[in-house]
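What you see is a predicted model; the values in this text were computed from it and never measured.
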Amino acid sequence: QVETMESGGGLVQPGGSLRLSCRASGNIFSIKTMNWYRQAPGKQRELVASITGGGDTNYDESVKGRFTISRDMAGNAVYLQMKNLKPEDTAVYYCNVNGYRGSHTTLPFASWGQGTQVTVSS
């Protein structure tokens, strides 16, 4: 079993910054990708940023230049630094971790956190 938990959300004014954190725990053999998604009210969940084991990153066009994803491989953690936040960034942000669990026999896993609310408002 792999568990994932986010933290760091909150209320911030437009133009402000927040840093989200996520940590995966359990019988993890290896992690392939770590992703941040978000879901605004009435909208579908969308991929915001992703990072591979090799450190390759990918961003949605709407956050390029403002958000930075990074990871701590030793700690099975991923971070999302968000700057110059806009009201349209308001959403519940979810962490998603994909990889392999187990020791002698490994199986793929996909774990989701419960989400953390980010509200950008004056």
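Between the side chain of Tyr59 and the backbone N or O of Ile69 there is at least one donor-acceptor pair closer than 3.5 Å. Here the side chain of Thr90 pairs a donor or acceptor atom with the backbone of Val120 at under 3.5 angstrom. A donor-acceptor pair is defined here as one N or O able to donate and one able to accept, closer than 3.5 Å; no such pair exists between the side chain of Thr116 and the backbone of Glu6.
Taking SG of Cys95 as the reference point, atom OH of Tyr79 lies at 11.0 Å (rounded to 0.5 Å). Atom-to-atom distance recorded for Trp36:CH2 and Leu47:CG is 12.5 Å, nearest 0.5 angstrom. Rounded to the nearest 0.5 Å, atoms CZ (Phe67) and CG (Leu85) are 5.0 Å apart. Distance CD/Gln39 to CD/Glu46: 9.5 Å, rounded to 0.5 Å.
With contacts defined as side-chain heavy-atom distances shorter than 4.5 Å, the pair Leu20/Val118 qualifies. In this structure, Val12 and Ser17 have side chains that are not in contact, with every pair of non-hydrogen atoms separated by 4.5 Å or more. Thr68 has its side chain out of reach of Thr57: every pair of non-hydrogen atoms, C-beta onward, lies at least 4.5 Å apart. Taking 4.5 Å as the limit, some side-chain heavy atom of Arg38 sits within range of a side-chain heavy atom of Asp89. Looking at heavy atoms from C-beta onward, Cys22 lies in side-chain contact with Thr4 at the 4.5 angstrom threshold.
In this structure, Glu3 places its CD atom where only 12 or fewer heavy-atom neighbours from other residues, nucleotides or ligands lie under 6.0 Å away. In Glu88, the CD atom is crowded: over 12 heavy atoms of neighbouring residues, nucleotides or ligands sit closer than 6.0 Å.
The heavy-atom pair separating Leu80 from Ala49 by the smallest distance is CD1-CB, 4.1 Å. Across all non-hydrogen atoms, the minimal contact from Ile28 to Ile31 is CG2-CG1, 3.8 Å. Arg71 and Lys32 get closest at one heavy-atom pair: NH1-O, 4.2 Å.
A perpendicular orientation is assigned to the rings of Trp112 and Tyr94, their planes being inclined by more than 60° (bins at 30° and 60°).
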